[in-house]
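Convention: sequence-line order gives letters A, B, ...; per-chain numbering from 1.
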Number of protein chains: 2
Amino acid sequence: MTATAQLTRSVEDYLKSIFHLTNQGGFATTSDIAAMLEIAPPSVSGMVKRLSETGLIEHVPYRGVQLTPQGRRAALQMIRRHRILEVYLTQQLGYDWGDVHEEAERLEHAVSEKLIEKMAGALGDPRYDPHGAPIPTAAGDIEEAELFTLADAKIGASIIVRQGGDDDAARLRYLAALGLTPGTHLTVLERQPFNGPTTVRSGSETRVVGQELAEQLWCAEVGGGGNR
Amino acid sequence: MTATAQLTRSVEDYLKSIFHLTNQGGFATTSDIAAMLEIAPPSVSGMVKRLSETGLIEHVPYRGVQLTPQGRRAALQMIRRHRILEVYLTQQLGYDWGDVHEEAERLEHAVSEKLIEKMAGALGDPRYDPHGAPIPTAAGDIEEAELFTLADAKIGASIIVRQGGDDDAARLRYLAALGLTPGTHLTVLERQPFNGPTTVRSGSETRVVGQELAEQLWCAEVGGGGNR
DNA sequence: TCTGTTTATTAGCTTAGCCTAATACCCTGT
DNA sequence: ACAGGGTATTAGGCTAAGCTAATAAACAGA
Ligand SMILES: [Mn+2]
Ligand SMILES: [Mn+2]
Ligand SMILES: [Mn+2]
Ligand SMILES: [Mn+2]
């Protein structure tokens with residue numbers, strides 16, 4: 001029934017950012033949104049006003065914003081588009097893991113629903129994007145997973161790499177070179193004190209992962225949650 | 001050397017329109033551009049001013065505009081993108097002949113050069129779009145053809161259908177149903193007076209084509225120009 | 001509790017692109 | 001040569017989306 005007026009590129013990107021920032025619960029703050037979109041905070045204040053007037057978000061002044069059900073639906077639709085595009089570019093057009101995000105970030109606003117579903121069909125309705133993130137269904141459902149970063153993984157734990165972030169091509173290439181791609185099984189061997197590196201074993205290989213990298217490498221318990 | 005600043009969607013569509021309107025020589029007038037883009041003439045006057053300031057077009061007040069070499073390059077690049085997208089959607093994703101134009105009209109502004117060349121490669125560097133229009137090369141060369149409409153074809157001539165227009169899905173479906181797709185060979189049998197229909201033979205079939213349709217069905221002499 | 005710092009909002013501006021209404025220009029027929 | 005009609009431009013306004021500078025609110029440390 002909602003008269004889904006065509007959203008602009010900016011609005012779509014705001015909704016996605018707010019979704020990501022509130023995914024673990026709580027509010028998305030003005031400055032978090034500004035940082036994520038690389039724009040000035042006052043610009044966010046302005047947009048927040050418009051988005052709450054159109055009912056896509058709820059704004060609590062000086063606290064932050066959350067998506068309304070309508071806003072959440074729109075955000076999940078964009079995330080679906082983005083991730084299907086990433087899989088398509090990787091699998092059908094030989095794109096590199098690290099390069100798809102930027103391309104998808106633009107294309108997500110231009111593709112029709114019809115094209116996305118054709119792509120999804122050609123790919124056999126993939127459930128994860130190339131970075132390991134789950135793809136929402138066309139109906140707007142998304143898999144929830146209990147993830148922690150490698151920097152927080154317990155020593156001795158058996159874990160599986162789930163997501164390596166999607167926006168830094170150089171980091172993704174480095175992770176791929178280390179063999180730390182989504183789906184890889186790891187055993188956590190040790191972690192040096194004072195925010196030192198974590199050592200993991202993958203099959204017969206041993207890798208030392210610096211703290212900065214480990215903090216952005218999301219993992220799940222083996223056997224926990226849905227399977228890949 | 002030209003510091004190719006990123007053009008906006010609007011600017012790209014203006015340049016394409018001006019290219020099409022000046023392809024047979026002469027100027028594109030304000031009202032022609034306005035009609036083609038479905039916007040008001042004063043909006044065109046405003047954009048014309050900006051485009052000529054940035055050196056993409058040459059404006060002769062009260063006469064019209066023409067593309068500069070720089071503007072022509074940009075226009076041909078967009079036309080290449082558009083047509084490659086149309087072929088890709090048709091051949092790789094099962095799109096209908098009549099539906100690709102609209103999708104390409106949006107995507108052309110969002111795809112990277114890299115993606116277009118990947119698509120072109122996957123297709124074996126196609127030379128014509130699904131409507132029969134030639135695809136400019138990456139270097140910016142485009143095939144020139146001597147085309148006339150079926151309404152102007154001489155009685156008795158052997159001709160080949162080249163282009164059926166690209167923007168009206170219903171008309172394209174009707175043309176396809178008649179078997180009048182690009183590449184079809186025809187013999188012109190007769191034309192009724194007072195702007196009456198033209199009768200053609202295609203293989204063993206005979207078709208009667210009304211004047212309105214015939215005026216938008218572009219054809220070439222058999223043996224003339226480049227081959228399909 | 002006060003006060004300084006951080007964070008958010010408001011005020012005021014800019015640019016791109018569109019619009020309508022008013023005006024200016026060009027051309028053609030008399 | 002000139003009057004009308006059509007086309008183009010100018011004038012003036014609007015919305016989306018960004019910016020900086022100024023102000024207000026919230027928070028945290030003493
Ligand atoms: Mn991504
Ligand atoms: Mn985006
Ligand atoms: Mn087209
Ligand atoms: Mn377009």
Length of the line joining B:Met47:CE and D:dT10:C1', which is rounded to integer Å: 18 Å
From A:Arg83, A:Arg162, A:Arg81, residue fulfilling salt bridge (charged side-chain N to carboxylate O under 4.0 Å, His left out) relative to A:Asp129: A:Arg83
With 3.5 Å as the limit, what N/O pairs link the protein to nucleotides 3-5 of chain D?
none

Whole angstrom value for the distance that separates P of C:dG17 from CD of B:Glu53: 13 Å
Partner set under side-chain contact (heavy atoms from CB on, under 4.5 Å) for B:Asp13, not counting sequence neighbours: B:Arg9, B:Lys16, B:Leu37, B:Glu105, B:Glu108, B:His109
A:Leu67 versus A:Ala75, closest heavy-atom pair with distance: CD1-CB, 4.0 Å
Atom pair distance, as rounded to whole Å: CZ in B:Arg50 and C1' in D:dT9: 15 Å
5'-most by nearest nucleotide on DNA chain D - B:His59 or A:Ser10: B:His59
Whole angstrom value for the distance that separates P of D:dG18 from CD of B:Gln6: 16 Å
Any residue of residues 21-35 of chain B with a heavy atom less than 4.0 Å from an atom of DNA chain C: none
Length of the CG-C1' vector between B:Leu37 and C:dA16, whole Å: 15 Å
Whole angstrom value for the distance that separates P of C:dC19 from CD of B:Glu38: 11 Å
Atom CD of B:Glu58: over 12 foreign heavy atoms under 6.0 Å: no
Least distance between heavy atoms, A:Phe27 atom then A:Thr22 atom: C-CG2, 3.8 Å
Candidate pair B:Arg171 and B:Gln216, rule side-chain hydrogen bond (donor to acceptor under 3.5 Å, both in side chains), full reasoning: CA-CA 10 Å; B:Arg171 191 177 71 229; B:Gln216 294 186 275; 3.2 Å; yes
side-chain hydrogen bond (donor to acceptor under 3.5 Å, both in side chains) partners of B:Asn23, counting only residues at least two apart: none
Atom CD of B:Glu212 with >12 non-hydrogen neighbours under 6.0 angstrom: no
Pairs satisfying ring pair (Phe, Tyr, Trp, His ring centres under 6.0 Å), at least one member in residues 63-85 of chain B, at least two apart: B:His82-B:His101
Any N/O pairs under 3.5 Å between the protein and nucleotides 20-29 of chain D? List them or say none.
{"from": "D:dA25", "atom 1": "O4'", "to": "A:Tyr62", "atom 2": "OH", "distance (Å)": "3.4"}

Between C1' of C:dG17 and OH of B:Tyr14, the distance in whole Å: 8 Å
Whole angstrom value for the distance that separates P of D:dT9 from NZ of B:Lys49: 10 Å
Inter-residue atom distance B:Leu85.CG - B:Ile116.CD1, 0.5 Å rounding: 4.0 Å
Euclidean distance, B:Thr29 OG1 relative to B:Leu21 CG, rounded to 0.5 Å: 7.0 Å
